[in-house]
Number of protein chains: 2
Amino acid sequence: MNADPPRTRIQKKNRHAILDAALEVFSRHGFRGATLDQIAGEAGLSKPNLLYYFSSKEAIFVTLLSGLMETWLDPLRALDPDGEPAEELLAYVRRKLQLSRDFPRESRLFANEIVQGAPRMEHLLATDLKSLVDDKAAVIQGWIAEGKIADIDPHHLIFSVWALTQHYADFDVQVRAVLGPDHDPLAEAETFLTTLFTRLLRP
Amino acid sequence: MNADPPRTRIQKKNRHAILDAALEVFSRHGFRGATLDQIAGEAGLSKPNLLYYFSSKEAIFVTLLSGLMETWLDPLRALDPDGEPAEELLAYVRRKLQLSRDFPRESRLFANEIVQGAPRMEHLLATDLKSLVDDKAAVIQGWIAEGKIADIDPHHLIFSVWALTQHYADFDVQVRAVLGPDHDPLAEAETFLTTLFTRLLRP
DNA sequence: GTCTATACCGTGATAGAC
DNA sequence: GTCTATCACGGTATAGAC
């Protein structure tokens with residue numbers, strides 16, 4: 001999937017700086033709202049120099065997305081069909097919440113793109129993401145059939161995990177504005193979501 | 001709060017057309033990603049003519065936001081302290097889901113702005129929104145103290161309503177991509193969320 | 001292989017004719 | 001009250017010097 005990997009050390013360093021800067025800027029302003037000037041500035045390069053490493057704004061964006069997709073889907077991929085059902089699902093929630101804590105920019109990047117209609121991601125959603133979700137939904141449906149967890153729609157259960165965990169990264173400013181200072185939203189979220197999903201899944 | 005209301009009929013019509021077009025464009029691309037050309041085109045006006053009605057891009061945006069804020073907070077405002085607790089909260093969820101169904105553009109407008117750090121809304125969040133939420137959280141805390149519903153954090157309960165209901169408007173393309181055709185996501189969501197909150201709130 | 005200078009276009013906003 | 005013409009600016013992308 002990847003093109004030729006960068007060769008020289010300076011290339012590697014600059015490409016990395018660009019992608020990190022791009023993550024920062026794209027996640028804050030969305031694709032169209034981001035400017036090459038900002039990305040170049042953040043990366044410590046001139047704008048034309050930036051375009052030496054990537055042929056276009058879209059090229060930066062696509063490279064960024066495909067590099068992050070794997071990390072993004074890992075928590076769901078790790079759902080073990082042979083594990084203890086409720087515990088597996090709660091562990092999934094915790095992994096996803098961990099991503100919101102450690103990689104909020106990545107979360108906002110995807111959020112921005114999807115809210116704006118996902119014009120550069122729609123294919124990935126309908127193929128990779130759909131097949132992974134369908135796969136895991138079948139696992140969950142199996143657990144339901146065995147009476148291990150409550151009878152709830154597996155697809156919407158997965159949506160609810162996404163919505164509830166990503167909310168704390170994507171809508172962070174709102175959460176903090178409402179809670180006020182002296183709060184650790186993500187720590188509180190872990191307690192709250194553990195309760196929520198425990199009650200939801202109990203057969 | 002409002003400036004002088006428009007006088008002539010044509011002004012009223014044009015202002016309305018502009019705000020509707022702006023809602024469409026801002027909700028799809030965010031503030032910076034939106035262009036006056038697009039808004040003008042969608043509204044059937046020339047760009048300079050548009051700027052006759054609103055002095056700047058930001059003026060359009062702010063007018064739009066403040067006009068929608070009330071509608072947006074109504075479902076929570078309607079939570080009745082004297083009602084039957086669990087039923088009140090479930091009705092709140094249904095009202096919020098109704099907004100996702102009927103006003104997805106409004107939902108995405110707010111989502112875009114908040115994901116991007118809410119630079120033009122932060123004040124509203126920390127004042128109007130916070131005081132409303134604190135108020136209703138106290139009501140919910142009262143219900144908990146009376147043993148009418150389960151003991152869960154009221155603020156995060158409200159966040160969970162937002163996250164779960166708005167997800168179906170803001171991440172609509174993802175939901176549809178994963179479910180595939182022949183689904184009515186919002187109808188399914190109503191069933192799912194009713195179950196979820198019923199189980200969560202049961203004392 | 002790396003960066004500087006620059007072209008060229010679309011953007012938000014204004015001036016002035018109608 | 002509305003439109004045409006235009007401006008200054010910042011946007012993406014390229015040509016060519018080092």
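Below, read A as the first sequence line, B as the second, and so on, with proteins coming before strands; counting in each chain starts at 1.
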Send over the distance from [X] [atom1] to [N] [atom2], rounded to a whole Å.
X	N	atom1	atom2	result
Glu58(B)	dG12(C)	CD	P	13 Å
Leu50(B)	dT2(D)	CG	C1'	13 Å
Leu51(A)	dA15(D)	CG	C1'	13 Å
Ile39(B)	dT11(C)	CD1	C1'	12 Å
Leu36(A)	dG11(D)	CG	C1'	8 Å
Gln38(B)	dG10(C)	CD	P	14 Å
Ile60(A)	dT12(D)	CD1	C1'	11 Å
Ile18(A)	dT2(C)	CD1	C1'	12 Å

We want to know whether [X] and [Y] form a side-chain donor-acceptor pair, criterion being a heavy-atom distance below 3.5 angstrom.
X	Y	result
His155(A)	Asp134(A)	yes
Asp172(A)	His167(A)	no
His183(A)	Glu188(A)	yes

Open item on the list: Judged by each residue's nearest nucleotide on DNA chain D, which is more toward the 5′ side, Asn49(A) or Ile10(B)?
Closed with: Ile10(B)
- [ ] Tell me whether the OP1 or OP2 atom of dT14(D) has a side-chain N or O from Ser55(A) closer than 4.0 Å.
- [x] no
- [ ] Respond yes when some side-chain nitrogen or oxygen of Tyr52(A) is under 4.0 Å from OP1 or OP2 of dA13(D), and no when none is.
- [x] no
Task: Candidate nucleotides dG12(C), dC3(C), dT6(C), ranked by approach to the side chain of Pro48(A) - the nearest - done: dT6(C)
- [ ] Classify the nucleic acid contact of Ser46(A) as base, sugar-phosphate or nothing, counting any heavy atom under 4.0 Å across all strands shown.
- [x] base
Open item on the list: By the 4.0 Å heavy-atom rule, please label Ala34(B) as base, sugar-phosphate, or nothing.
Closed with: sugar-phosphate
Open item on the list: Between the base of dG12(C) and the side chain of Lys47(B), is one N or O donor paired with an acceptor at under 3.5 angstrom?
Closed with: yes
- [ ] Examine Arg120(A) relative to Phe31(A) and say whether NZ or CZ is less than 6.0 Å from the centre of the six-membered ring and inside a 45° cone about the ring axis.
- [x] yes
